[in-house]
Amino acid sequence: MIVAEAVGRLLAAAGVDTAFGVVGSGNFHLTNALVRHGARFVAARHEGGAATMADAYSRMSGRVAVLSVHQGPGLTNAMTGIAEAAKSRTPLLVLAADVTEPHSNFHLDQAALARAVGAVPMRLTCARDALEALRVAREDRRTVVLSLPLDVQSAPAPDWPSPQPDTLSLEAETGAAETGAAETGAAGTGAAGAGGAEAGGAGAGAAGPGVTELARLLGEARRPVFVAGRGARHARRELEDLADLTGALLATSAVAKGLFRGSPWDLDVSGGFSTPLTAELIGGADLVVAWGCALNMWTTRHGSLISPGTRVAQVDLEHPVAARHVPVDLPVTGEVAQVATAVRELLPPPEPLATPPDGPPAGYRSPELARRIVAEGRWRAVPYEDETGEGRIDPRTLTAALDDILPAERVIAPDSGNFMGYPSMWMDVPDERGFCFTQAFQSIGLGLATAIGAALALPDRLPVAALGDGGALMGISELETVARLGLPMVIVVYDDEAYGAEVHHFTGQPHDTVTFPPTDLAAVARALGMAAVTVTGPADLRAVSDWLDGPRDHAILVHAKITRERPSWWLEEAFKGH
């Protein structure tokens, strides 16, 4: 047995059940060993797609994902996806073949490359180093690039004893904030994980500094709002219990969208995707508590969403976190669920909400507000003028119609771009596992691969890839992967025949470099054996209903020719940070 085979055997025994990648000579023996010892290998058509699939798989499955790539260009091709995962603190192990001879065409400084995007570089000297890299990815919730020199891989390896199984499984998502760059999209919100990290390890106890002070602030607050990020996705019950006691309203960052779905006090996403009502209520808060959420520019609209004078507390496993747009009055170090439980135990029993103005705090809740949230709390309820016509469909009309047609058990994976708010705002999700938002790096072209990874992690849900035409064409090689795997996926392309963000941002300038002739994406999908429909009006969506009523043994691509006169206000927010 050579070291490459020993590494594959050890990782499979440690619990690696799914790996993504593109196989070349440098990772051939390792990948085959993984498969031989029970792991599933998902072959992508481009390493960038494979990296994003692995990232999304980890986010939605709760397990460390593995990416296997060839030396040199195999790693460089994957770097955008690796950067997204690293900025999001996604637990990901990258197995990167490495050439150490400087004269080789494939030679590069892989450690420096990993550090440049925020990943953790490690190096294989013997097969057991792979287990240490896996431990770092899992326990520190980091993206680790493990360089595997070809000479080490080909060396004989002793017959290492197998580790105990299930060492790969992540513990319950624990609450470190999303890191700072983003749940983007104006909208977005929070953090890496989209951003950011769900965590940083199993947590510090709840009795740390600040817990008593947080209980005091909540006891005094009359209009508290909780904003939960990716680091709080495991703690719905604890946060709702505390919110019920204090009268707090409930919002999330973009990557945690859906966490409080079903609660009458759910405001959905805080940030550029906020409804007018949500923005009003967060702006009127006297206390905002961020739970495992970075409070970055997306979540706070560059700080403008939270009013001057509002007290801000932030609960996270690691401090300081990225909150430079909003001063944090009270940082509390600890795991989200533990802190929420400890604070609840310090508060007195609940008082009736209808208290006189000079009495104890009544919280933000009232029957009138509950009615307003029902009536105004979703973008579907906000009136607009339908601009469908002249061979193009209004993207709001398109998305609302799809929201009605598609089954509730879904996972939505939006790409980045001018269109991205439509699926993020007009389409609902059932819970915190219904939205996979790989946008910490704000790269277009990741949406389709994101949907593939999410689909493999959550096979009981309908995967919905929401793409712009630019991102769809950038990641189009993975359409073949969708077809080859037989994924029953809905792929929606919002086609304005341009890089719409640039068109609307650089008004009054020539747009020849960012506009393109029409492309028949439906024909491309049909050529790969998928169903496809070109949509210019609501009636064309009948084909989607027919597909849903059928066996769903292949994907359907919805090529939507959307109106293109309207800029996206959420992306205008994003450009303020550039």
Side-chain angles (χ1 to χ4, degrees), residues 17-18 20 35 40-45 49-50 52-53 56-57 59-61 258 393 397-415 422-423 426-431 433-436 447-467 469 471-472 475-495 519-561:
D17 60 3
T18 304
F20 300 81
V35 174
R40 167 177 58 172
F41 179 69
V42 180
R45 285 301 189 171
T52 301
M53 292 175 203
Y57 181 85
R59 296 181 195 224
M60 307 314 289
S61 71
I393 186 170
T397 302
L398 166 72
T399 312
L402 288 170
D403 189 38
D404 291 336
I405 292 170
L406 300 177
E409 288 299 309
R410 61 182 73 156
V411 53
I412 300 170
D415 208 334
Y422 300 116
W426 271 267
M427 201 175 289
D428 208 358
V429 296
D431 54 31
R433 297 286 180 182
F435 196 66
C436 194
L448 182 57
T450 298
I452 295 170
L456 294 171
L458 301 171
D460 295 334
R461 299 193 180 200
L462 178 71
V464 181
L467 319 174
D469 54 301
I476 199 167
S477 61
E478 302 309 342
L479 275 181
E480 190 277 335
T481 303
V482 174
R484 172 168 33 90
L485 297 178
L487 295 176
M489 181 184 295
V490 177
I491 303 166
V492 185
V493 182
Y494 293 74
D495 186 5
T519 300
D520 191 346
L521 293 171
V524 175
R526 292 189 192 100
L528 291 168
M530 299 179 185
V533 57
T534 298
V535 174
T536 59
D540 297 326
L541 292 172
R542 176 68 191 182
V544 180
S545 298
D546 293 342
W547 179 86
L548 289 168
D549 292 338
R552 302 191 204 174
D553 53 1
H554 57 283
I556 181 170
L557 186 140
V558 180
H559 183 198
K561 299 280 193 174

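The structure displayed is predicted, hence computed values, not measured ones.
Taking the side chain as every heavy atom from C-beta outward, Val544 and Leu406 approach each other to under 4.5 Å. Between Thr481 and Met53 there is a side-chain heavy-atom pair separated by less than 4.5 Å. Contact check for Phe20 versus Leu456: side-chain heavy atoms found under the 4.5 Å cut-off. The closest side-chain heavy-atom distance from Val464 to Val411 is not below 4.5 Å. Using a 4.5 Å heavy-atom threshold, the side chains of Tyr57 and Val42 count as separate. A 4.5 Å side-chain heavy-atom check between His559 and Asp495 finds at least one atom pair inside the cut-off. A 4.5 Å side-chain heavy-atom check between Thr534 and Asp540 finds every atom pair outside the cut-off. A 4.5 Å side-chain heavy-atom check between Pro414 and Phe435 finds at least one atom pair inside the cut-off.
Interatomic distance, CG of Asp415 versus OH of Tyr494, reported as 12.0 Å (0.5 Å rounding). If you take OG on Ser61 and CG on Leu458, they are separated by 8.0 Å, rounding to the nearest 0.5 Å. The CG atom of Asp553 sits 12.0 Å away from atom CG of Leu487, with the distance rounded to the nearest 0.5 Å. The line from CD1 of Ile452 to OG1 of Thr52 is 10.0 Å long, rounded to the nearest 0.5 Å. Separating the OG1 atom in Thr18 from the CZ atom in Phe41 is a distance of 11.5 Å, to the nearest 0.5 Å.
Minimum heavy-atom separation, Leu548 to Pro407: CD2-CD, 4.0 Å. Residues Thr519 and Lys561 come closest through the heavy atom pair O-NZ, 4.4 Å. The nearest pair of heavy atoms linking Ala560 to Leu398 is CB-CD2, 3.5 Å. What you find for Gly434 and Val429 is that their closest heavy atoms are O-CG1, 3.1 Å.
Qualifying side-chain contact (heavy atoms from CB on, under 4.5 Å) partners for Ala465, counting only residues two or more places apart in sequence or in other chains: Leu448, Ala451, Leu467, Met489, Ile491.
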- Task: I would like to know whether Arg45 and Glu480 meet salt bridge (charged side-chain N to carboxylate O under 4.0 Å, His left out); could you show each step before the answer?
- Result: CA-CA 8 Å; Arg45 285 301 189 171; Glu480 190 277 335; 2.7 Å; yes

- Message: Run the side-chain contact (heavy atoms from CB on, under 4.5 Å) test on Val558 and Val533 for me, step by step, so that the C-alpha distance in whole Å, both residues' side-chain angles and the decisive distance to 0.1 Å come before the verdict.
- Response: CA-CA 5 Å; Val558 180; Val533 57; 4.3 Å; yes

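Ion pairing of Arg461 with Glu409 is present here, as a side-chain N (NZ or NE/NH1/NH2) and a carboxylate O approach within less than 4.0 Å.
Arg410 pairs with exactly one of Asp403, Asp431, Asp428 by the salt bridge (charged side-chain N to carboxylate O under 4.0 Å, His left out) rule, that one being Asp403.
In this structure, His554 and Trp547 have perpendicular ring planes: the angle between them is above 60°, well past the 30° mark.
With hydrogens and angles disregarded, no donor-acceptor distance shorter than 3.5 Å links the side chain of Trp426 to the backbone of Thr397. A donor-acceptor pair under 3.5 Å is formed between the side chain of Arg484 and the backbone N or O of Ala43.
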Side chains of residues 524-531: which donor-acceptor partners sit under 3.5 Å, not counting sequence neighbours?
unit_1 : atom_1 : unit_2 : atom_2 : d
Arg526 : NH2    : Ala532 : O      : 3.2

